[in-house]
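Below is one structure, written out as structure tokens, with a few remarks after it.
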There are 2 protein chains.
Amino acid sequence: MESTYRALVVEDQTLMRLALMDQISTAFENAAVLGAQTLEIALYELANENFDLVIIDPGLPGFDPTSQDDRLSVVSRIIEASPTALHAVITGSDNTAEADQFRGLGAVAYLGKTGLEPGMLCDVLDDISTSGFSIRLSRVTMTVPDYCHSALTPREQEIINLMARREPGMSRIQIYEQVAGKLGIDRDSAEKYFKKARAKIMKSDHKLPVGI
Amino acid sequence: MESTYRALVVEDQTLMRLALMDQISTAFENAAVLGAQTLEIALYELANENFDLVIIDPGLPGFDPTSQDDRLSVVSRIIEASPTALHAVITGSDNTAEADQFRGLGAVAYLGKTGLEPGMLCDVLDDISTSGFSIRLSRVTMTVPDYCHSALTPREQEIINLMARREPGMSRIQIYEQVAGKLGIDRDSAEKYFKKARAKIMKSDHKLPVGI
DNA sequence: CCAAATAGGGACAGCCCTATCCCTTTTTTT
DNA sequence: AAAAAAAGGGATAGGGCTGTCCCTATTTGG
């Protein structure tokens, strides 16, 4: 077994922090991920442990979100406390000027929260491996709403959303084939899950989401 | 079966939007939840469907995040497009003055993202039922870091984090009892899960999180 | 010292999710 | 009309998570 991958997420918004932690723990076979809501907790953890990856939202409680000095100070203190780790900055209000500033401090990634999707972590780490830096500025990509229903299993949920985002003009069979390829399962299985999901939705709701 | 509970989450940050949608879909027995990244998508959905609950982050793409007029405009347009729904505003930069403004527009909840935790939705809806309005300003509550490990099942994860947050001075048995009560399971089971989780962590990591 | 607490397991049944293969009927397209 | 596509479902095997009950050492506290 590979040795444990150690990561720390410094982010004050709890749902976002937990989502990021979940992204990391599922991206690695064997990862231990800590979450800190404040700089104090982060620095405490950094003093007691060595991390491979630290994700930082510079807009932490106790600092002025409009002060660029405060934002830089948060990141630089964390980088100084963990010189061997990779540091990724994540922010809701991103711009290229700030990206350059953080890069100057030693960060290897600058990520806007808007448009940062599940599974993006691998791409970001690839960027870092190949080019030393990853930048993902916020951008709007959504054309079809997300959909989520209590009665659906995760697989069904996934397939419903993939189907809703399909390119028009393809036959169902082609789409099943494509979706099956993405998920690594059979075409038949993809078809089955989709039909099952749609049946569940129709039964409980009598109203299908857009694109289905 | 109760009729389907319909909700819409208007939020541009994808991970946050999905987290909120997940919160809603698990809080209700039978819920259909849509997610919109932009005001356009939101208004399109509102035109085609009636919702019971709409959650709005006013800081959407295409609007000036520093302009209070823009923020108010986003919320008022959504409220006008769905007069029968309950409207909850969620924001990263919350303050009481803005809460009052949105309340004036007809919103029934104003929630700061910091400190907004999993499971909070029920409390918020309770507030709304009893007092007509729910306000949760951002505040820092964390004393112990979150912990998350690839090898742990959700139950084990949950128990590890509950144990890490235990109040000092209690015997393990008392804590097992308390945790079991929260989760609705046996004391023995809680004890078992905790021991299993700790063993997994020790085996893969040789380093336990704080508080364990 | 004795009793309680703790560590560290094994066994087992139930359940849901996953994935595959199979089937029939209806609709659409050619 | 024949062929392809699509809807709608049944059966089944495997696996992981859950929850309960049970067991033996070892340590701690009174």
Side-chain angles (χ1 to χ4, degrees), chain A residues 1 22 25-26 29-30 118 148-164 166-209 211-212, chain B residues 1 22 25-26 29-30 118 148-164 166-209 211-212:
Chain A
M1 182 189 298
D22 185 65
S25 76
T26 57
E29 198 65 35
N30 177 18
C148 162
H149 195 293
S150 314
L152 303 184
T153 69
R155 249 305 179 258
E156 290 164 353
Q157 198 98 244
E158 211 169 352
I159 290 191
I160 283 287
N161 278 290
L162 283 174
M163 293 295 283
R166 72 183 185 276
E167 292 127 33
M170 296 177 71
S171 72
R172 284 275 208 250
I173 280 190
Q174 286 176 295
I175 300 169
Y176 292 144
E177 200 84 50
Q178 183 184 312
V179 166
K182 280 187 195 171
L183 300 179
I185 61 177
D186 259 33
R187 184 184 57 79
D188 278 358
S189 302
E191 184 175 348
K192 183 78 202 292
Y193 288 136
F194 174 71
K195 289 177 179 175
K196 184 73 180 167
R198 188 177 46 186
K200 282 185 183 178
I201 296 171
M202 282 305 291
K203 185 178 175 187
S204 95
D205 200 353
H206 306 290
K207 181 156 174 46
L208 291 173
I212 305 294
Chain B
M1 184 189 295
D22 185 66
S25 75
T26 57
E29 198 66 34
N30 177 19
C148 163
H149 194 293
S150 315
L152 302 184
T153 70
R155 248 305 178 258
E156 289 165 354
Q157 197 97 244
E158 211 168 353
I159 291 190
I160 283 287
N161 277 290
L162 283 175
M163 293 294 285
R166 72 183 185 275
E167 291 126 35
M170 297 177 70
S171 73
R172 284 276 208 247
I173 280 190
Q174 286 176 296
I175 299 169
Y176 292 143
E177 200 85 49
Q178 181 184 313
V179 167
K182 282 186 193 171
L183 301 179
I185 60 177
D186 258 34
R187 184 183 57 78
D188 277 359
S189 303
E191 184 175 347
K192 184 77 202 289
Y193 288 135
F194 174 71
K195 289 177 179 175
K196 184 73 180 169
R198 188 176 47 186
K200 281 185 183 178
I201 296 171
M202 283 304 291
K203 185 178 175 186
S204 95
D205 200 354
H206 306 290
K207 179 155 175 50
L208 291 174
I212 305 296

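Chain letters run A, B, ... following the sequence lines, proteins first, then strands; residues in each count from 1.
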Which comes earlier along DNA chain D counting from the 5' end, the contact point of A/Tyr176 or that of B/Arg155, where each point is its nearest nucleotide?
A/Tyr176

Between C1' of D/dT18 and CG of B/Asp188, the distance in whole Å
14 Å

Is there side-chain contact between A/Asn30 and B/His149, with heavy atoms separated by less than 4.5 Å?
yes

Within the structure shown, what part of the strands sits under 4.0 Å from B/Ser189 by heavy-atom distance: base, sugar-phosphate, or nothing?
base

Rounded to the Å, how far apart are B/Lys200 NZ and C/dG8 P?
15 Å

Closest to side chain of A/Thr153, choosing from D/dT20, D/dC17, C/dC17
C/dC17

One thing to verify: whether B/Lys196 and B/Glu156 come together as a salt bridge, which I'm taking to mean a side-chain N less than 4.0 angstrom from a carboxylate O.
no

Using modelled atom types only, decide if a donor and an acceptor are shared between the side chain of B/Ser189 and the backbone of B/Ile185 within a distance under 3.5 Å.
no

Here the distance between atom P of D/dT27 and atom CD1 of B/Ile173, to the nearest Å, is 18 Å

Let me know the distance between CD of A/Gln157 and P of C/dT18, rounded to the nearest Å.
11 Å

What's the spacing between A/Tyr193 OH and A/Asp186 CG if we round to 0.5 Å?
10.0 Å

Main-chain N/O of B/Ala151 paired with B/Lys200 side-chain donor or acceptor, under 3.5 Å
yes

Nearest whole angstrom, please: distance from the C1' of D/dA4 to the CZ of A/Arg187.
12 Å

Between C/dC17 (P) and A/Leu183 (CG): distance, integer Å
17 Å

Once you round it to whole Å, what is the distance between P of D/dA6 and CZ of A/Arg172?
7 Å

If we ignore hydrogens and angles and just use 3.5 Å, is the side chain of A/Ser150 paired with the main-chain N or O of B/Ser25 as donor and acceptor?
yes

Within residues 191-198 of chain B, residues whose heavy atoms come under 4.0 Å of DNA chain C:
B/Lys192, B/Lys195, B/Arg198

A/Arg166 CZ to A/Tyr176 OH distance, which is reported to the nearest 0.5 Å
9.0 Å

When we call it a touch if two heavy atoms are under 4.0 Å apart, what does B/Asp186 touch: a base, just sugar-phosphate, or nothing?
sugar-phosphate

Atom CD1 of B/Ile201 and atom P of C/dA7 are separated, to the nearest Å, by 13 Å

